[in-house]
Amino acid sequence: MNNQVVRSVLIGLTSALIGVMLIAVGFIARVATEPETPSQVRGRPAATTSDTDFSTLNEVYTILQQDYVDPDRVDGAQLFEAAVNGVFKALGDPHSTYIDPDTYAISRDDFQGAFSGIGATVALQGEFVVIVRAMPNTPAERAGLKAGDAILEVNGEAAEGWSVDKAVLKIRGPRGSTVDLKVRHVDGSLADVQLVRDEITVASVDDLPPGGTLRDGTGAEVTDMGYLRIRSFTNRTPKELSDTVAAAKAKGARGLIIDVRGNPGGLLSETAQTADMFLDKGIIVTQVDRAGGERSIQARSGNEIWSLPVVVVQDEFSASGSELLAAALQENGRATVVGSRSFGKGTVNHARELS
């Protein structure tokens, strides 16, 4: 992988990194159902007032405002976010985090399976965000944007040094509104492009493998096996999966390959529904809270839509929901799991909106 390409997203969606680390509703941090008092936490004594006197932060901020040698650098909003992020960094848990308001607004669209934007996958390359792919039949494709086009300006504002998240926030917007981009094509030529934003539907389930054709170990095309790739678990996943399975049945498939490589997870309820579609009985997942209490989600009898053999393909970037699905099918004797060791995130996230 090119070391320069560090993050990628769909315009109007959150980044792949956020998919793994900042999933707002599905999988991030293990949180107790009922809050515990400080004295109940792991047998430690209750914290004293001095231990938890966060007014000291305000005192530090006041001193910086009054005395810091470069007052322009004392940005209250920036320091506030740094302090909050510092709290989570001290936990040493990569799956618990603070999400700023703009990023959270984007991440919510991610799990709806649709967003309002231009329909392009982008990534950070060097000092500029570049187009990785213009999705078919979208404003980006109709405007002629191509892979490798660097975004130099958005609505007249220079975009050099922008993060992927910042570019997404600037480019996305209400359906029917316009956004002006200045791009540099791969051949070095410059172009000014005006796009009208539209609603972009992003399928979470795909019936084509990488390369477009399913082949066996000899390179021969395989026509009697069903294939579906689950990119993430959104509100649309169960319906899309049901349609894909129905198409495989109609073609007479004698088995099914479920590809969750690179799947960062998603919504817990939709992940459980997906597993349930391949199970007639058994436990799908058991959640254990910090007090040791357990809650299990059971497969429903009669809900199975596919009874033929299943193989799940995973890789080291299969995380959260994709690991849950693979484990549920494997541990219930319903599927064989192949590939490399998965990401290793077994915690469930709960988003807590702040005032």
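Being a predicted model, the structure only gives us computed values, none of them experimental.
Minimum interatomic distance between Val193 and Ala143 (heavy atoms only, all atoms of both residues): CG1-CB, 3.5 Å. Nearest approach of Pro238 to Met277, heavy atoms of both residues: O-CE, 3.5 Å. Residue Gly176 comes nearest to Val196 through the heavy atom pair O-CG1, 3.7 Å, listed as atom of the first residue, atom of the second, then distance. In terms of heavy atoms, Ser116 sits closest to Arg175 at OG-N, 2.9 Å. The heavy-atom pair separating Leu329 from Ala275 by the smallest distance is CD2-O, 4.0 Å.
There is a side-chain donor-acceptor pair under 3.5 Å between Asp315 and Ser318. Using modelled atom types and a 3.5 Å distance limit, the side chains of Thr237 and Ser204 yield a donor-acceptor pair. Checked by atom type, the side-chain pair Asp259/Tyr227 shows a donor-acceptor distance below 3.5 Å.
Taking a 6.0 Å sphere around CD of Glu221, one finds it holds more than 12 heavy atoms contributed by other residues, nucleotides or ligands. Shown here is Lys281, whose NZ atom has no more than 12 heavy atoms of other residues, nucleotides or ligands within 6.0 Å.
Across Leu308, Thr244, Val245, a single residue satisfies side-chain contact (heavy atoms from CB on, under 4.5 Å) together with Leu256, and that is Val245. The side-chain contact (heavy atoms from CB on, under 4.5 Å) test with Ile118 singles out one residue from Ile200, Leu181, Asp198, and that residue is Leu181.
The stretch residues 140-150 participates, sequence neighbours left out, in these side chain to side chain donor-acceptor pair (under 3.5 Å) pairs: Asn137-Arg142, Asp149-His185. Contacts classified as salt bridge (charged side-chain N to carboxylate O under 4.0 Å, His left out) and involving residues 62-75 (residues at least two apart or in different chains) are not found. Applying the salt bridge (charged side-chain N to carboxylate O under 4.0 Å, His left out) test to pairs two or more places apart or on separate chains, those with a residue in residues 317-336 are Glu304-Arg334.
With sequence neighbours excluded, no residue forms a salt bridge (Lys or Arg N to Asp or Glu O under 4.0 Å) with Arg215. For Lys239, the salt bridge (Lys or Arg N to Asp or Glu O under 4.0 Å) test picks out Asp243, with sequence neighbours left out. Residues satisfying the salt bridge (Lys or Arg N to Asp or Glu O under 4.0 Å) test with Arg236, not counting sequence neighbours, are none.
The shortest distance between side-chain heavy atoms of Leu279 and Ile284 falls below 4.5 Å.
When the side chains of ILVMFWY residues are joined at heavy-atom separations under 4.5 Å, either directly or via intervening members, Val337 and Val313 end up in two distinct hydrophobic clusters. In the hydrophobic clustering of this structure, Leu195 groups with Val183; members are Ile, Leu, Val, Met, Phe, Trp, Tyr whose side-chain heavy atoms approach within less than 4.5 Å, directly or through other members.
No cation-pi contact links Arg261 to Phe317, judged by a cut-off of 6.0 Å to the six-membered ring centre and 45° from its axis.
With respect to the salt-bridge test (charged N to carboxylate O, under 4.0 angstrom), the residues Glu157 and Lys170 qualify.
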